[in-house]
Amino acid sequence: MEVIPAQAQEPAYLKGLNPEQRTAVLATEGAVMVIAGAGSGKTRVIATRIAHIIAQRLARLHEILAVTFTNKAAREMRSRVESLLNTDLGTMWISTFHSFCARVLRHEIKHIPPFNSNFSIFDRDDQLALIRRIIKSSPEDGVNPNIPPPSYFIHKISLAKNHMITPQDYIATTPQEHFVAAAYPLYQEALASSNSLDFDDLLLYTVKLLADNQAVREHYAGMFRYILVDEYQDTNQPQFRLLRYLESVHGNICVVGDPDQSIYRFRGADTANVEAFLRTHQNAGVQILPLSQNYRSTQPILDAANELIVPGRTLDVNKRLWTDRRGGNKPRLVLTADEREEAYFVAGVLQQALKAGMSLRNAVVLYRTHAQSRALEEAFRKKELPYLIVGGLRFYERKEIKDALAYLRIVSNPLDEISLERIINVPPRGAGNTTLEKLREIAKMRGIPLAVALESIKDIPRVADKSKKSVTKLGELIAKKHEELESKNAGELAREILEQSGYLAWLGEQEEEEQTRLENVWELIAAAEEEPVSLPDFLATVALVTDADQIDSEAGVVSLMTLHTAKGLEFDLVIIVGLEENLLPHAQSSGVEDLAEERRLFYVGMTRARKDLVLTCAARRAFMGMWGPSVPSRFLADIGAENLQILELPRTYSDEYAFYDRERRYSGRRHY
DNA sequence: GGGCGTGTATTTTTT
DNA sequence: ATACACGCCC
């Protein structure tokens, strides 16, 4: 790498930065908080900062830790730094919190018995399956009608973990939740005996490791000379603690965030971390550096966004965003009769933009809930607009992919009973509930894993010979492939397991419709074969894929996604649908804090727009099959009519929807 | 042990 | 409205 003398000549990577950005890049030492307004060039600042640290030889590649919000953001950050420095970053630590923890734990979890490095990562479905089993084992199951649904347990347990409340302490802090209090320790024990961690555990066990193990703590804290954290406003308590340990030796930590864009309170993110950071670093002379010039949006869009967000602010660290991009259209607001008309209107806007020369990849449709995508999909299909739904039914959540992954997981981690139960009878092996129960008994009696007990099925009376044979074969296959975990890579193992278990053949025999399923599984195998990694590493990567990661800006395809998923992205044309009370703000978000978060969510959506912003609102909407009237969102009133261009729906729409009369169309009007 | 029918919950947002 | 879970019957 070429070294540039510090003073002689300004490094090329600093060119084009504004004074605020330059200050943020150069303030490498000590504690720094960058308050980065939407579209203020935050990513560029972080990438340049990393490049600067490396170019000035303040640290070597592996001595820098950068944490981003999504894996996609991590990849982008990596490639930006690589192009700034014209070098390969290799295995530099740029990742999400969860991926970072998975990577650390892969090496260190042996210090936390009974876990070993092949641990499984449980997603929501796995968590639900596990908690269902626990509920079933309770004597009250089926007797007490007040037992909450499994999802309630998972939610409450996750909340407890985010606040670092242990199973032992839970009942004392939350005495009214006695069902959860009873299940929580059982849930943790079941995870441990399965050598499995849920998403929250990845963070918690890493914190625990750093807290309890001095050698490990000194190793990591000593290694990272510089730490950078993006989207800091959405960190939670375990993440805060994690950073405290990691920064403890060198003290060079830069957090970048925007309290106005904090939208993950519901999953434990704590904006108090912003204040806590300032407080805990006061003695270290923490610097607060704002980025307030917006390079993304036009002034009318920013004006509207500012009007929306200012009434909801609680911290006053943020500045009013400004831009020198003059001109541009005011955000357009349209009232439609119902969600169908709304969908057709959106399709029309996209077709118009298409005609005007815009590529559909530069447009996005945003909504509060996934369910809203349905009407849009229908309209887009009719109008032959190519679209891509981001999130919703994700690739890795499809049944056949989950089944295939369960095969891989049980081989990687034979203690993972949830995975084993998933596939023991897929394809049908004549092992139903009764047989499974007997196998569990054997495993318990002999103190062996369920996967090993499969080979003892021969000892169970009254099981068909055919069933015994195929179950024994499955047990042998799992054992054999598990032994090859180190000698073979993920691609090799995936292909062999899925072929030899008979899963692929069985899938191929299914109905014509199932053929896409077979293709999906082959796609998974291809993904495993892409790079020669170990099976546990591949599984960890797959488990931590986020919605935003799968956005590939295919040319000529418009993306549809939730407002949450849109965080960090930008588009020429942004269309936000469903600006109605009970949807945005959502009906379930009635508390003061909840409402503030809904407002920020809308703000995040608006500030994704570079050139054009379109807002829609329907007068009638169906919820769970029931139609009901809708009222425009209170947030529209906050933006103010003077900051919006309110459109009358063109005639063509009444042609398409002759059954609506104009009176009814505007019956939902309130503010305008 | 598997297939079909009825009943119920589902829609907040996600690593 | 629909998907999934559970229960009943073969």
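Below, each value reflects all heavy atoms present in this structure, side chains not excepted, and no hydrogens, waters or symmetry copies. So that the names make sense, note that chain A is the first sequence line, chain B the second, and so on, each numbered from 1. Just so we're clear, the structure is a prediction, and the values are computed from it rather than from any experiment.
Residues meeting the salt bridge (charged side-chain N to carboxylate O under 4.0 Å, His left out) test with Glu455(A), sequence neighbours left out: none. Contacts of Glu378(A) classified as side-chain contact (heavy atoms from CB on, under 4.5 Å), with partners at least two apart in sequence or in another chain: none. With sequence neighbours left out, Glu76(A) forms a side chain to side chain donor-acceptor pair (under 3.5 Å) with Lys72(A). Among residues two or more places apart in sequence or in another chain, the salt bridge (charged side-chain N to carboxylate O under 4.0 Å, His left out) test is passed with Lys438(A) by none. Remark: Asp416(A) pairs with Arg409(A) by the salt bridge (charged side-chain N to carboxylate O under 4.0 Å, His left out) rule, at least two apart or across chains. Applying the salt bridge (charged side-chain N to carboxylate O under 4.0 Å, His left out) criterion to Arg440(A), with sequence neighbours excluded, gives Glu421(A), Glu437(A). Here His586(A) pairs with nothing under the ring pair (Phe, Tyr, Trp, His ring centres under 6.0 Å) rule; sequence neighbours left out.
Backbone-only contact: Thr435(A) has heavy atoms under 4.0 Å from sugar-phosphate atoms and none from a base. No contact: Phe97(A) has no heavy atom under 4.0 Å from any strand. If you check every strand for non-hydrogen atoms under 4.0 Å, Asp123(A) touches nothing. Nucleic acid contact class of Ser467(A) (heavy atoms, under 4.0 Å, all strands): none.
For the pair Arg124(A) and Phe623(A), both in contact range of DNA chain B, the more 5′-proximal nearest nucleotide belongs to Phe623(A). Residue whose closest nucleotide on DNA chain B sits further toward the 5' end, between Gln588(A) and Leu436(A): Leu436(A).
Between the P atoms of dT13(B) and dC4(C), the separation comes to 16 Å (whole Å). With both ends at atom C1', the span from dT11(B) to dC6(C) equals 23 Å, rounded to whole Å. Nucleotides dA5(C) and dT12(B) have their C1' atoms positioned 23 Å apart, rounded to a whole Å.
Contact footprint of chain A on DNA chain C: nucleotides with an atom under 4.0 Å from a non-hydrogen protein atom, first to last in 5' to 3' order, dA1(C) to dT2(C). Where DNA chain B meets chain A (any atom under 4.0 Å from a heavy atom), the bounding nucleotides read 5' to 3' are dG1(B) to dT15(B).
Looking at Asp201(A), its side chain never comes within 3.5 Å of a backbone N or O of Leu204(A) through a donor-acceptor pair.
Arg244(A) forms no cation-pi arrangement with Phe277(A), by the criterion of a distance under 6.0 Å to the ring centre and an angle within 45° of the ring axis.
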